[in-house]
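Numbered from 1 within each chain, the chains take letters A, B, ... in sequence-line order. Every heavy atom of this structure was used, including side-chain atoms; hydrogens, water molecules and symmetry mates were not.
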Amino acid sequence: MPDFNKPHALTDVPLHYCPGCTHGIVHRLVAEVIDEMEIEGDTIGICPVGCSVMAYDYFNCDMIEAAHGRAPAVATGVKRANPDKFVFTYQGDGDLAAIGTAETVHAATRGENITVIFINNTTYGMTGGQMAPTTLPGQVTQTTPYGRNTDIEGFPVKVCEILSQVSGVALAERVTVTDPANIRKAKAAIRKGFEFQKNKQGFSLIEVLSTCPTNWGKSPVESLEWLKENMIPYFPLGVYKEGAIR
Amino acid sequence: MSKMIVEFDTCKGCGLCTTACPKKIVEIQHEKLNKKGYYTAVCIDNDACIACTMCAMMCPECAIIIRGGEK
Amino acid sequence: MERMLMKGNEALAESAIRAGCKCFFGYPITPQTEISAYMAKRMPKVGGVFLQAESEIAAINMVYGCASSGIRCMTSSSSPGISLKGEGVSYIAGSDLPAVIVNVMRGGPGLGGIQPSQSDYWQATRALGHGDFQIIVYAPSSVQEMADYMGKAFDMADKFRMPALILADGLLGQMMEPVVFEDKEIKMSDASEKPWATNGHGNKRPHNIVNSLYLQADELEQYNVERFKRYEKVKEELPELESYLCDDAEIVVAAYGSVARIAKAAVEQARAEGIKAGLARPITLYPYPEKELKTACKTAKKVLVTEMSMGQMVDDVRLALECRLPVEFFGRTGGVVPKPSEILAKIKEMKGAE
């Protein structure tokens, strides 16, 4: 068995995330893919507002902090000027599927050669656990104290399902990081996204079902169970669209 | 030599590693707090460890490194 | 030298390309759309990038990304669209990035109208976004100046690592005049002189970060203080004002942009009628040419500010003159362009009241 080390594409700065938050796992997977493809020197990451806003300190590649929801537009600006570089965004559900819906969908329709890592944990973590566009029906949050009532607050946004209908998308895949088997699949999906980008084959988005133990009011281990029991049935894992668009 | 090495002050004691160990030999110790104020993960039976790296894969903090696996 | 007959909007676009602007990110809005149309035609021919964004917000954020990677880039819009860009401009300023924004002003507030206006002066010079920052603001007054100041805006944005705005109006954007371009090979910009750029470290340097987030109050304060020290240099180097017949003027008319041309005609008519009138035309609106304006007004007894607004630059004139001279205002707004005769009538009224 090989040794297990921290990837080079992650810095030594201690993560600010709460105990058991799966952001750290996904950061590592992205960094491992960057290491394995040996592209750290050619990669620019973009992290907009949300819990991962300070990820510019965690990745060793060049990093840009972006306004809430605007990362796909910022990524477009970087990529159009530098078409041979690798550009990824790392966005949460409020960022990507609420305030940044237009930027997400249009970067996808243009088939921008970028890779979007989309963290879906059904909540606005940074601001203390308000309803997100992906909050499940009935789920209690700070702004749905009686549970999300679909008559009032509407329904969760299913990002991979929407993007599966968008012509510019090369990859829309939903994964999770609840256990080593799923972590391997998540990493393979991220790798696939970067490979599509490398070959200039279109927009790739990897949705990662994630936990927010602090705002869910559960222990990290209970949170993994809650995710499996509640999120996966509503947001089924799998490939929603795959194939080069050019 | 221990195979599972936990960076004592990096660990946040979340326990995710304990769910991944196939040998059930990773636990959160309740004797010594680290500088962040967490009880940390430990391997309670080095001999039983097969260096499968699953605990490290689950760790959100990159606090676990694995050494001395089968060559 | 190449001499061409062009619309102001086109001259501005051509000049940007000649300044090495590699990427243009736009969104249609009247009366600036010719800039996008020109760029769409021209950029692919010169190895540049034209992209029509899904919104003004996306366009300015594309500029933010592109500028982060050290490439000269720009966006253009008209008043309501510029409001939408405010967030992005604030991020660009907060991250110390060079970029150029064009506002071809139309009447407001709200959807307003599509006729020429100067009612975004306050927005441009005071608050194009949240937070403690300023941007360089150039106010051209002819098609030739649209071209000249476009190039300068890129140079100064790079030099001071801050956004620069060309504040034009629908009149300047749409009018056609001859414009001369220097013979110069078109060369798209690269990041070679921008060591801070996030364009991939190539394993040759530590990673660069473009960011405006500072959670520690004293750290954020320090960054803002440093930025304002840079603005002091901007204030020393950049102020520009054209003064016309001001040496012995008793009434100085202060106007910028297209209104300055109308005011110039009024000043000439006043002179013909024996009134010692002059024109002071600020070219930089930030930094405001305070010293230059004072000099232009040294023989003045009264100052008249004319604008296509309800009176916005008039504040800066009063501040620059430290209220030592009576300052009056005449303006038309909503897209109505003032006539020379109206300005002349006001000059005469002021002269008569002495």
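Side chain of His207(C) to backbone of Met63(A): no donor-acceptor contact under 3.5 angstrom is found. Of the possible donor and acceptor atoms, one in the side chain of Asp62(A) sits under 3.5 Å from a partner among the backbone N and O of Asn199(C). Side-chain atoms of His201(C) come within 3.5 Å of backbone N or O of Asn60(A) as a donor-acceptor pair.
Only the side chain of Thr11(A) comes within contact range of chain C, judged by heavy atoms closer than 4.5 Å. For chain C, the nearby part of Val49(A) is the side chain; its heavy atoms alone come within less than 4.5 Å. Of the two parts of Glu112(A), only the side chain, counted from C-beta on, holds a non-hydrogen atom closer than 4.5 Å to a non-hydrogen atom of chain C. With a 4.5 Å cut-off on non-hydrogen atoms, Ser90(C) does not touch chain A at all. For chain A, the nearby part of Ala197(C) is the backbone; its heavy atoms alone come within less than 4.5 Å. Interface remark: Phe86(A) contributes no atoms to any contact with chain C (heavy atom separation under 4.5 Å).
Atoms CD1 and OH, on Ile209(C) and Tyr56(A) in that order, are 7.0 Å from each other to the nearest 0.5 Å. The CD1 atom of Ile64(A) sits 3.5 Å away from atom OG1 of Thr198(C), with the distance rounded to the nearest 0.5 Å. Atom-to-atom distance recorded for Ser69(C):OG and Arg80(A):CZ is 13.5 Å, nearest 0.5 angstrom. With values rounded to the nearest 0.5 angstrom, Ser55(C) atom OG is found 8.0 Å from His106(A) atom NE2. Expressed to the nearest 0.5 Å, how far CD1 of Ile46(A) lies from OG of Ser68(C) amounts to 8.0 Å.
For His130(C), the NE2 atom counts as densely surrounded, since its 6.0 Å shell holds more than 12 non-hydrogen atoms of other residues, nucleotides or ligands. Atom CD of Gln216(C) sits in a sparse spot, with 12 or fewer heavy atoms from other residues, nucleotides or ligands closer than 6.0 Å. Few gaps surround CD on Glu161(A); more than 12 heavy atoms of other groups in view lie less than 6.0 Å from it. Within 6.0 Å of the CD atom in Glu182(C), the count of heavy atoms belonging to other residues, nucleotides or ligands does not exceed 12. No more than 12 heavy atoms of other residues, nucleotides or ligands lie within 6.0 Å of OH in Tyr223(C), so this atom counts as exposed by the packing criterion. No more than 12 heavy atoms of other residues, nucleotides or ligands sit less than 6.0 Å from atom CD1 of Ile114(C).
Each of Ala67(A), Gly69(A), Ala71(A), Ala75(A) has some count of heavy-atom pairs under 4.5 Å with chain C, and the biggest count is that of Ala67(A). For chain C, the option among Lys79(A), Met54(A), Glu40(A), Lys85(A) with the highest count of heavy-atom pairs below 4.5 Å is Glu40(A). For chain A, the option among Ile57(C), Asn203(C), Asn208(C) with the highest count of heavy-atom pairs below 4.5 Å is Asn208(C). If you tally non-hydrogen atom pairs under 4.5 Å between each of Ala102(A), Gly100(A), Cys61(A) and chain C, the highest count goes to Cys61(A). Chosen from Ile71(C), Leu51(C), Val63(C), the residue pairing most often with chain A at heavy-atom distances under 4.5 Å is Leu51(C).
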key: Chi angles and distances behind the side chain to side chain contact (heavy atoms under 4.5 Å, CB included) call for Val105(A), Glu54(C)   = CA-CA 10 Å; Val105(A) 171; Glu54(C) 62 270 27; over 6 Å; no

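Residues Ala81(A) and Lys22(C) approach most closely at O-NZ, 3.2 Å, considering heavy atoms.
Evaluation of the ring-ring contact (aromatic ring centres under 6.0 Å, His included) rule for His16(A) yields Tyr58(A) as partners, not counting sequence neighbours.
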